[in-house]
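This is a predicted model, so every value here is computed, not measured.
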Amino acid sequence: MGKILVVAEKPSVGKDIAKILHCDQEERGYIEGDKYVVTWALGHLVGLKQPQEHAEQYKTWKLEDLPFQFDISDSLKVLPDSAGQFKVVKQLINRPDIDSIINAGDAGREGYLIQKWIYRLSGNRKGEKVLWADDATEKTIQRCMQNLKDDSEFKNMLQEAEARAEGDYLIGMNYSRALTLCLAGKGT
C-alpha cells in the first residue's frame, strides 16, 4: 500500500497536520512520514486568466470585443507568484507511491474550490477524501481524520462555487471594461 497525500490550505496548517500525522521528514514544500505526505497551497496556487491571456487582441480595451465569454475550465492558470509550490504539489499528486489524496483545505465553498482547481490543473486521477474541519486543533484534526468525507458529497458545492466564480469572472471583466470605456475620460 502506498502513501496518502494531504493537501492543506497553507503552510502553517500543513505543518500542524504533519505533526499530528507523525510526519517529520521535511522537504521543500512538504513533510513526509511513513504513511502520509503533507503539503500545502499558499492560499491560491491557481487563478483565472485575464482576457489578453486568452487572445492577444484583448490587450487593447474595445467595446466591440464585449461581451467576453470564456469557459472557466479553459481559463484556469497557475499563478506566477506561487508556481514553485504548485510544481511541488503537482509532482506529489502524480508520484507513483501516492495512492490517494485528502483535501485538507479550508472548510467552505471557496476553500474547496481552491483545492479542486489545483487537483484539476495537476491532472489528478487519484481518489479524494475531504478532511472537513472548522479549526486546526489537534483534537479536531484527529477526529476529522477518523471521519473523512467522500469527495462526491461535495459535488453540488463545487458546482455552486464554480458558478459563482464564473459569474464574478465574466461579469467583472465585461462590466469593468464597458464602464471604463463608456464613462471614463479619453485615454483612460
Using modelled atom types and a 3.5 Å cut-off, is there a donor and acceptor pairing between side-chain atoms of [X] and backbone atoms of [Y]?
X: Thr39; Y: Gly29; value: yes
X: Ser82; Y: Val46; value: no
X: Thr140; Y: Ala136; value: no
X: Asp99; Y: Gly2; value: yes
X: Lys149; Y: Lys129; value: no
X: Asn94; Y: Ser122; value: yes
X: Gln91; Y: Val88; value: no

Distance (rounded to the nearest 0.5 Å) between [X] [atom1] and [Y] [atom2]:
X: Gln159; Y: Arg164; atom1: CD; atom2: CZ; value: 15.0 Å
X: Gln25; Y: Ile31; atom1: CD; atom2: CD1; value: 10.5 Å
X: Trp117; Y: Leu158; atom1: CH2; atom2: CG; value: 9.5 Å
X: Lys59; Y: Gln50; atom1: NZ; atom2: CD; value: 12.0 Å
X: Cys182; Y: Tyr175; atom1: SG; atom2: OH; value: 11.0 Å
X: Tyr119; Y: Leu121; atom1: OH; atom2: CG; value: 13.0 Å

Is [X] atom [atom1] crowded by more than 12 heavy atoms from other residues, nucleotides or ligands, each under 6.0 Å away?
X: Lys19; atom1: NZ; answer: no
X: Lys139; atom1: NZ; answer: no
X: Lys15; atom1: NZ; answer: no
X: Gln142; atom1: CD; answer: yes
X: Gln69; atom1: CD; answer: no

**OP:** Take Glu162 and Leu113, measure what side chain to side chain contact (heavy atoms under 4.5 Å, CB included) needs, and give me the verdict at the end.
**Re:** CA-CA 7 Å; Glu162 285 198 307; Leu113 179 64; 3.4 Å; yes

Of all heavy-atom pairs between [X] and [Y], which one has the smallest distance, and what is that distance?
X: Val6; Y: Ala104; result: CG1-CB, 3.7 Å
X: Ser100; Y: Lys126; result: CA-CB, 4.3 Å
X: Cys23; Y: Tyr36; result: SG-O, 3.4 Å
X: Ala161; Y: Arg109; result: CB-CG, 3.2 Å
X: Leu63; Y: Ala178; result: CD2-CA, 4.2 Å

**OP:** Show the numbers, then the answer: is there a side chain to side chain contact (heavy atoms under 4.5 Å, CB included) between Ile141 and Leu131?
**Re:** CA-CA 8 Å; Ile141 297 298; Leu131 187 152; 4.0 Å; yes

Side-chain contact, heavy-atom cut-off 4.5 Å: [X] with [Y]?
X: His44; Y: Leu79; value: yes
X: Asp151; Y: Lys116; value: yes
X: Ile17; Y: Met145; value: no
X: Val130; Y: Leu148; value: no
X: Leu66; Y: Glu64; value: no
X: Leu5; Y: Ile102; value: no

Subject >> ring-ring contact (aromatic ring centres under 6.0 Å, His included) against His54, all qualifying residues, sequence neighbours excluded >> reply: Phe70

**OP:** Show the numbers, then the answer: is there a salt bridge (charged side-chain N to carboxylate O under 4.0 Å, His left out) between Asp106 and Lys10?
**Re:** CA-CA 9 Å; Asp106 280 352; Lys10 57 188 174 188; 5.9 Å; no

Original post:
With the threshold set at 4.0 Å, does a side-chain nitrogen-carboxylate oxygen contact exist between Glu138 and Arg143?
Top reply: no

Subject >> Glu128 vs Gln115, side chain to side chain contact (heavy atoms under 4.5 Å, CB included): CA-CA, chis, key distance, verdict >> reply: CA-CA 11 Å; Glu128 298 170 31; Gln115 294 276 325; over 6 Å; no

Original post:
Taking atom types as modelled and ignoring hydrogens, do the side chains of Asn174 and Tyr169 form a donor-acceptor contact shorter than 3.5 angstrom?
Top reply: no

Original post:
Where do Gln85 and Leu45 land on the side chain to side chain contact (heavy atoms under 4.5 Å, CB included) test, with the steps shown first?
Top reply: CA-CA 8 Å; Gln85 184 61 19; Leu45 298 181; 4.1 Å; yes

Subject >> Partners meeting side chain to side chain contact (heavy atoms under 4.5 Å, CB included) with Lys3 (sequence neighbours left out) >> reply: Glu32, Val37, Arg95, Asp97, Ile98

**OP:** Can you sort out the partners of Lys35 under side chain to side chain contact (heavy atoms under 4.5 Å, CB included), two or more places apart, ordered by chain and number?
**Re:** Ile4

Original post:
Under 6.0 Å between ring centres, would you say that holds for Trp40 and Tyr30?
Top reply: no

